Participant: 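I'd like to ask you about the structure that follows.
Side-chain atoms are counted along with the backbone in the values below, which use heavy atoms only and exclude waters and symmetry mates. Every number for a ligand or one of its atoms is a count from 1 in the order of the listing. The structure presented is a predicted model; accordingly, all values stated were derived computationally and were not measured. For the single chain, residues carry numbers from 1 onward in sequence order.
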Amino acid sequence: MQKLIGIGAGVFFAAMTHAAELPRAVIDAEIERLYPQIEALYQHLHSNPELSLREEKTGARVAEELRKLGVEVADKVGGHGVVGVLRRGTGTTVLIRGDMDALPVKEQTGLPYASKVRTTNDQGAEVSVMHACGHDIHTSCLVGVANILTRLTNWHGTVVFLAQPAEEFGLGAQAMLNDGLFTKFPKPDYCLALHVNAELPAGTIGLTEGPSAANVDSVDITIRGVGGHGAYPHKTKDPVVLAAQTIIALQLIVSRERDPLEPAVVTVGSIHGGTKHNIIPDEVQLQLTVRTFTDEMRQQVLDTIKRIVKGQAIAAGIPQDRMPTVKLRDDFTPVLSNNPELVQRLAVVFKKILGESKVMKREPTMGGEDFGLLGRTPDKIPICMFSLGSVDATRIDESHRGGKPLPSLHSSLYAPVPEPTLKLGLLAMTAAALDLLK
Ligand SMILES: [Zn+2]
Ligand SMILES: [Zn+2]
């Protein structure tokens, strides 16, 4: 990374002939100045993770950091969300989002700043907590970009800094929208976000045009039967066997009913029923995650699940009053669709600062991300979330040569390399914002 030491931003801008030109050397100098502080913030957040809906201290820290910079701050927006507004004359409004929540994972990275946090979850069980999805990187970059933008003078417009809670529950973005994100605060013309990527080398960026993360639905199914003694199955209607048949039948949705060129996932992630070897229980609970890419396909897959669950129960001779129930949870996360024109515009910006080879086109994933909600209000605001490489390149080579597989996001072993990941996050997001604010 280039360094510009001893030359202040004012001097640089006086020498610039073209105000809209990217002040790369100035941004690099700002990042070098800021990096120790941002790395320390990152390590602090990593050591002190908070579960979804409990991001109280993280939100307070972000609010404090933004206030120190002179940014107008509103906290407790949609839970522990924070909104910072930085105005500089008239012009475009750009929203930059970072999410703050961590996961119930026991960290095993062995890092000196690894989390040792344990807490009691909402079900009363003791769990460990870890930033296994890199939201600590996102939050640190958000604060860092705010710092840099307050010091740069070559832009005008408004920047909204959004620190979002409860992304992992798919609830935070909606809660902030419900709490007036686009009405109480300046409504953005563009929304930007970054997410660490556990496969891309640190120092690279991935971009996906159009749908990038999937529709995510959680479905609860209760298969009901008529319980009794395990030795007299003919006196019962066994919900365990029916659950097993139903699970297999559900696998036929993707393999036999869907167009093979249109991706979908139906995963039964949880099955619970029964108490003892010799008792046929009255019911079995299933929990499913369903992933699709369009509204139409989503509806078709959900309808097919209901049809199959009911059909299997009828085939098993379950009495009318013991028919299964299928409940859709209301934490639906819709598809994240990156605006193609915005992606193309940012690709030019990123290639200019990094070179062609460091900016990759990425295929969509079946993962979920509630940032997409910001682009689905009636205003249809163009949004883009880009992927930030976070893995040591030699580790990637090793894994390709048959070595240890790379830990994925949400793994207890996922350890993004702070440098250059954080530096590139700061550089890329600053450059993206400046391009929209020039
Ligand atoms: Zn995650
Ligand atoms: Zn995430």
Participant: Has His138 got an N, O or S atom lying less than 2.8 Å from the Zn ion (ligand 2)?
Facilitator: no
Participant: Arg87 and Thr158: side-chain donor and acceptor closer than 3.5 Å?
Facilitator: no
Participant: Has Glu167 got an N, O or S atom lying less than 2.8 Å from the Zn ion (ligand 1)?
Facilitator: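 Checking the Zn ion (ligand 1) against Glu167, no N, O or S atom falls under 2.8 Å.
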Participant: What N, O or S atom of Glu168 is found closest to the Zn ion (ligand 1)?
Facilitator: OE2
Participant: If you measure only the distance, is there a donor-acceptor pair under 3.5 Å linking the side chains of Thr222 and Glu283?
Facilitator: no
Participant: Using the Zn ion (ligand 2) as the vertex, how large is the angle between NE2 of His135 and NE2 of His195, rounded to 10 degrees?
Facilitator: 120°
Participant: Are more than 12 heavy atoms from other residues, nucleotides or ligands located less than 6.0 Å from atom NZ of Lys358?
Facilitator: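 Atom NZ in Lys358 is not packed in, count stays at 12 or less.
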Participant: What pair of heavy atoms forms the shortest contact from Leu200 to Ser387, and how long is it?
Facilitator: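 Closest approach of Leu200 to Ser387, heavy atoms only: CD1-CB, 4.1 Å.
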